[in-house]
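Okay, so here's the structure we're looking at.
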Amino acid sequence: MANKVSIINMKGGVGKSTLSVNLAWHFAATHKWRKRVLLVDLDPQFNASQYLLGVKKYEDIMENEIPTIWDVFEQLTQVPGSVKKPLLESQKVIYHAKKFYKGCIDLIPSRLELAYSLRNPGQKEHLLAKLINKIEDNYDIIILDCAPTESFLTTAAYLTSDYILVPVRPEYLSSIGLPLLVKSMNEFKQFYNDHPLELAGVVFNATSNYVPEESKSKLDVKKIAKDNGWYVFEKEISYSRSYPKGAREGKPIFRTSYARAKQTDKFKIFAEEFAKRIGL
Amino acid sequence: MNSNKELDLLVDIIKLYKKYGQDSFSSLVRFLSEGNIEDISTLLKEIPSKTKNKEKDLKQRSSINILLSDLENADQEKFKIINEFYEELIAKIVLPTFRELKDFALDCDLELKTDSRQKAISPFIKHLIGLPKDQLISKIRSLNKRDADDRSLEGWSKIILNNELKDKE
């Protein structure tokens with residue numbers, strides 16, 4: 001059974017997609033791990049899909065009508081008067097994005113139209129968990145890159161996951177996303193109290209040691225974490241221009257041209273702490 | 001052509017011609033045919049400082065050449081693929097940086113422990129020779145696909161805005 005982790009924060013721009021792709025690549029490609037990784041892009045902005053695939057492969061998916069996460073949530077939707085659609089076969093929605101020596105990254109891509117599903121969310125939140133249940137034995141770790149706003153997609157992510165990883169930028173407006181997440185998780189647990197969902201931890205992302213603003217934000221976040229019994233990762237991911245550069249090049253930071261060893265090492269050290277935390 | 005040696009020399013010259021291009025070659029032919037002995041002597045004196053590295057390169061290349069020669073006798077198709085790749089590697093047409101070479105080697109299950117790109121080539125080629133042919137082809141093909149990737153804003157805009165047009169229709 002795979003370790004299933006949602007990377008989530010109610011605040012946008014904290015680096016969820018970048019972190020999702022870099023973690024997926026780290027566990028799939030590095031010598032030590034070589035894991036079979038499934039990355040689920042749960043965001044209508046489809047940044048993780050863009051990062052991993054590039055334009056041409058994504059165009060192929062669109063032109064050949066290869067199923068995406070949208071199709072997962074819409075498989076029961078039927079236009080009145082039309083022929084009933086067959087249920088989506090789980091393997092059809094998996095796109096083999098990257099192959100390494102023994103590891104791989106498969107992707108359930110997203111698309112803009114996923115936003116339409118938000119208008120008619122009824123009874124859809126279980127569909128992703130059902131699909132993942134059928135295929136999770138094919139993977140060692142499943143990473144869900146979540147959308148920033150609360151919706152049935154958030155519930156779908158919670159229902160699918162064993163763990164939640166929360167990246168936080170240590171700056172004022174970003175840290176306000178955290179109480180929103182606390183509220184979201186508490187509401188979920190009230191309704192689905194039998195679903196074992198654990199917080200893997202909060203990780204400070206894109207840090208730059210800009211004292212005193214970062215220090216204040218970190219203290220605020222640590223206080224909220226402590227009040228809720230949440231773990232805060234010891235290792236931080238510091239800001240590096242190689243992250244956006246990597247996204248442009250379609251590579252993780254540790255394969256981006258001219259990325260400094262200090263920055264790539266910081267990321268790897270965090271990834272190791274994260275792996276330990278979720279028992280990978 | 002009087003001997004195999006001359007034939008080998010001709011083949012090497014043709015390869016170098018391909019590598020350095022017509023202009024460099026024409027210029028060098030003119031220089032040599034003008035036959036200024038002092039200039040050539042001066043040039044020859046400068047060579048020893050570079051010779052040590054060149055000697056190492058030559059040793060590396062000769063050991064690879066022996067392996068490639070054996071491969072050519074054993075499997076023509078595999079030899080052709082690896083030989084072409086090797087030449088492109090030497091010329092930095094593929095994997096021009098050490099990092100890129102190391103990353104690609106890792107994808108081929110080889111962790112390179114050398115401290116330079118130059119030193120990494122020999123163990124890497126030896127490793128490739130040991131791979132099954134279908135795996136070798138797949139790996140090299142994946143390298144070529146990487147180079148052809150479009151990641152431009154223009155490309156993404158086309159996808160996103162075409163979607164908008166389709167919605168309106």
Side-chain angles (χ1 to χ4, degrees), chain A residues 21 25-26 28-34 44-47 49-63 65 68 70 96-105 109-116 242 244-261 264, chain B residues 92 94-117 120 123-124 127-128 130-169:
Chain A
V21 174
W25 213 303
H26 176 78
T30 54
H31 206 69
K32 177 181 171 181
W33 292 104
R34 293 178 174 171
Q45 288 185 29
F46 70 104
N47 284 158
S49 305
Q50 290 171 319
Y51 191 152
L52 213 48
L53 299 177
V55 171
K56 286 185 180 151
K57 285 180 186 169
Y58 193 81
E59 256 179 349
D60 283 342
I61 290 174
M62 294 293 108
E63 280 167 16
E65 296 182 344
T68 66
W70 184 45
H96 302 299
K98 300 283 174 197
K99 180 94 178 70
F100 305 104
Y101 178 65
K102 279 184 181 167
C104 67
I105 306 175
S110 182
R111 57 187 298 170
L112 288 168
E113 286 78 1
L114 181 61
Y116 299 156
S242 294
K245 188 161 187 272
R248 181 184 289 278
E249 292 180 3
K251 294 175 186 172
I253 185 174
F254 48 89
R255 292 194 174 188
T256 301
S257 51
Y258 308 112
R260 290 188 179 186
T264 61
Chain B
K92 292 191 178 179
V94 292
L95 306 171
T97 67
F98 187 28
R99 170 167 264 162
E100 284 174 292
L101 178 55
K102 267 172 46 171
D103 289 343
F104 186 66
L106 206 56
D107 289 349
C108 300
D109 192 34
L110 173 67
E111 198 173 0
L112 286 167
K113 296 200 190 297
T114 61
D115 56 8
S116 76
R117 184 182 183 276
F124 180 49
H127 179 79
L128 287 181
L131 288 181
K133 203 189 312 183
D134 53 347
Q135 200 182 331
L136 174 71
I137 292 171
S138 153
K139 284 292 167 200
I140 290 179
R141 215 173 268 162
S142 73
L143 186 61
N144 293 335
K145 269 189 190 169
R146 215 185 286 173
D147 297 333
D149 201 9
D150 173 11
R151 307 191 72 87
S152 65
L153 178 58
E154 194 187 334
W156 287 118
S157 299
K158 200 174 134 194
I159 290 175
I160 291 165
L161 295 173
N162 275 348
N163 262 0
E164 256 189 32
L165 284 171
K166 278 180 192 165
D167 289 344
K168 282 178 184 167
E169 281 162 22

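Order of the sequence lines fixes the chain letters, A, B, ..., with proteins taken first and strands second; residue numbering starts at 1 for each chain. Because the structure is predicted, anything quoted here is derived from the model rather than measured.
- For a residue to count as touching a neighbouring chain, one of its non-hydrogen atoms must lie under 4.5 Å from one of that chain's; by this rule Phe46(A) touches chain B with the side chain only.
- Contact of Gln50(A) with chain B is made through backbone and side chain together, with heavy-atom distances under 4.5 Å.
- Between the NE2 atom in His31(A) and the CG atom in Leu106(B) there is a gap of 6.5 Å [rounded to 0.5 Å].
- Top candidate by heavy-atom pairs under 4.5 Å with chain A, chosen from Lys102(B), Glu111(B), Gln135(B), is Glu111(B).
- Here Asp107(B) contributes atom CG and Arg255(A) contributes atom CZ; the two are 4.0 Å apart, rounded to the nearest 0.5 Å.
- Tyr58(A) contributes atom OH, which lies 14.5 Å from atom CG of Asp150(B) (distance to the nearest 0.5 angstrom).
- With a threshold of 4.5 angstrom between heavy atoms, Lys102(A) does not approach chain B through any atom at all.
- When each of Cys108(B), Ser152(B), Ser138(B), Gly155(B) is scored by its heavy-atom pairs under 4.5 Å with chain A, the top score falls to Gly155(B).
- Put simply, CZ on Arg151(B) and NZ on Lys251(A) are 10.0 Å apart, with the number rounded to the nearest 0.5 Å.
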